[in-house]
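Here is the structure we will look at.
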Amino acid sequence: MKINLMDLSCDELKELVAKIGEPQFRGKQIFEWIYKGAESFDDMTNIPKGLREKLSEIAWVGSAKICEKYVSEIDETRKYLLQLNDGNYIESVLMKYDYGYTICVSSQVGCKMGCKFCASTLNGWSRNLSAGEIVAQVLCVQKDLGERISNIVMMGIGEPLDNFDNVLKFIELVNAPGGLNIGQRHISVSTCGLANKIRELAERKLQITLLLSLHAPDDERRSSIMPVNNKYPIKEVMDACDLYIKETGRRISFEYTLISGVNDNPEEADKLAALVKGKLCHVNLIPVNKVQETGFDKSSKKRVEEFKKRLEKHGIPATVRREMGSDINAACGQLRNRKQGL
Ligand code: SAH
């Protein structure tokens with residue numbers, strides 16, 4: 001199988017060209033071309049033709065193709081349905097903030113975690129994305145936008161920590177100087193709580209932000225909406241989070257999707273506060289996005305405010321996630337489901 005050059009770091013590209021008898025600096029040039037948006041060897045004009053031909057026999061430059069694009073008239077949020085080289089579809093979302101552009105990328109084709117409120121998992125999991133396929137989302141959207149993307153959140157389709165090695169490689173690639181040069185503190189990874197992988201991540205001592213999708217403060221309720229909780233119950237996840245905070249010194253963000261009548265009672269706010277109290281953390285409340293098939297409804301604005309106030313009364317810093325692109329609403333996973341007739 002041909003190598004996707006987008007999967008390789010600058011050092012790996014140098015090794016590759018050395019292996020085919022070329023000077024190493026060519027590897028660096030190729031790396032820079034990729035991050036300047038070159039999608040084929042022909043674009044790499046300072047690489048000798050002979051080398052381009054040799055490379056094209058063993059390698060290719062991955063890319064993602066824009067299939068559908070929706071731009072919000074309210075806040076310029078863009079949602080993209082992208083097609084990968086093998087025909088699979090994924091989604092990326094671009095959000096505009098005061099401090100710059102943030103892209104939300106997918107890490108897998110589908111998802112096997114089975115969260116009851118989530119569209120991405122409705123039809124199961126097909127495969128992991130390679131590191132280069134995650135990079136391709138950033139490059140493709142950045143090219144379409146024509147401006148620099150400065151922040152990345154891994155909260156698109158898939159469970160990033162279920163694709164651990166490729167996700168870490170992706171972080172290394174976008175972090176690299178000479179490439180996108182996006183600092184680790186500008187990268188967030190969201191997980192449904194794979195405790196063993198959170199521990200592994202803690203040991204790497206990266207400066208990225210960890211977002212923990214909690215969504216319920218006790219095991220019974222959490223297991224009823226997030227099957228992963230049967231494998232890694234709350235206590236184990238919290239212990240892993242403590243380790244993460246200890247090893248990295250980074251504040252964790254607990255994500256809490258408010259679903260009407262499911263997890264938005266005042267008592268649940270109390271339990272949540274007790275659970276996270278004393279941790280270096282903050283709670284991000286997200287009114288659930290309606291997904292037709294799941295039957296869940298978002299909590300009323302009043303209910304959300306009350307929940308937030310209750311947390312604050314306990315001394316827990318909480319924010320309500322601003323809804324973006326509400327006029328192009330398609331909670332992640334829905335564009336792909338529709339396209340594939342799933
Ligand atoms: N698998 C990872 C990342 C992808 S989901 C995780 O679970 O964290 C990104 C975030 O969106 C998670 O917090 C997830 O629980 C949340 N989410 C999924 N479906 C949603 C919906 N319909 N409305 C609001 N948030 C949702």
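Please read all numbers here as calculations on a predicted model, not as lab measurements. When reading the values below, keep in mind they use all heavy atoms of this one structure, side chains included, and skip hydrogens, waters and symmetry mates. All ligand and atom numbering here is 1-based and tracks the order in the structure.
Interface of V291 with ligand 1, defined as ligand atoms under 4.0 Å from a residue heavy atom, comprises 22 (N). Atoms of ligand 1 lying under 4.0 Å from any heavy atom of C118, numbered from 1 in the order shown and given with element: 18 (C), 19 (N). Distances below 4.0 Å separate heavy atoms of G156 from the following atoms of ligand 1: 4 (C). In the vicinity of C192, heavy-atom distances shorter than 4.0 Å reach the ligand 1 atoms 6 (C), 7 (O), 8 (O).
Counting all heavy atoms, side chain and backbone alike, N230 lies closest to S223 at OD1-OG, 3.4 Å. Nearest heavy-atom pair, Y89 versus K339, reported as atom, atom and distance to 0.1 Å: OH-CE, 3.3 Å.
Annotation: F117 places an N or O atom under 3.5 Å from an N or O atom of ligand 1; distance criterion only. Annotation: G158 places an N or O atom under 3.5 Å from an N or O atom of ligand 1; distance criterion only.
At a 4.0 Å heavy-atom cut-off, ligand 1 touches T257 through the side chain alone. The residue T294 has no part lying near ligand 1, judged by heavy-atom distances below 4.0 Å. In N289, the parts holding a heavy atom less than 4.0 Å from any atom of ligand 1 are both the side chain and the backbone.
Taking the six-membered ring where the residue is Trp, the centroids of Y35 and F31 are separated by under 6.0 Å. For Y256 and F307, the distance between ring centers is under 6.0 angstrom.
Not a single heavy atom of C111 lies less than 4.0 angstrom from ligand 1. Remark: distances from the non-hydrogen atoms of H215 to ligand 1 include one below 4.0 Å.
Under the 4.5 Å side-chain criterion, counting only non-hydrogen atoms from C-beta, N85 is not in contact with E133.
The salt bridge (charged side-chain N to carboxylate O under 4.0 Å, His left out) test with D162 is passed by exactly one of R127, K112, K231: K112. Remark: of the listed residues K79, R338, R336, R338 is the sole one forming a side-chain contact (heavy atoms from CB on, under 4.5 Å) with E68.
For Y244, there are no ring-ring contact (aromatic ring centres under 6.0 Å, His included) partners, not counting sequence neighbours.
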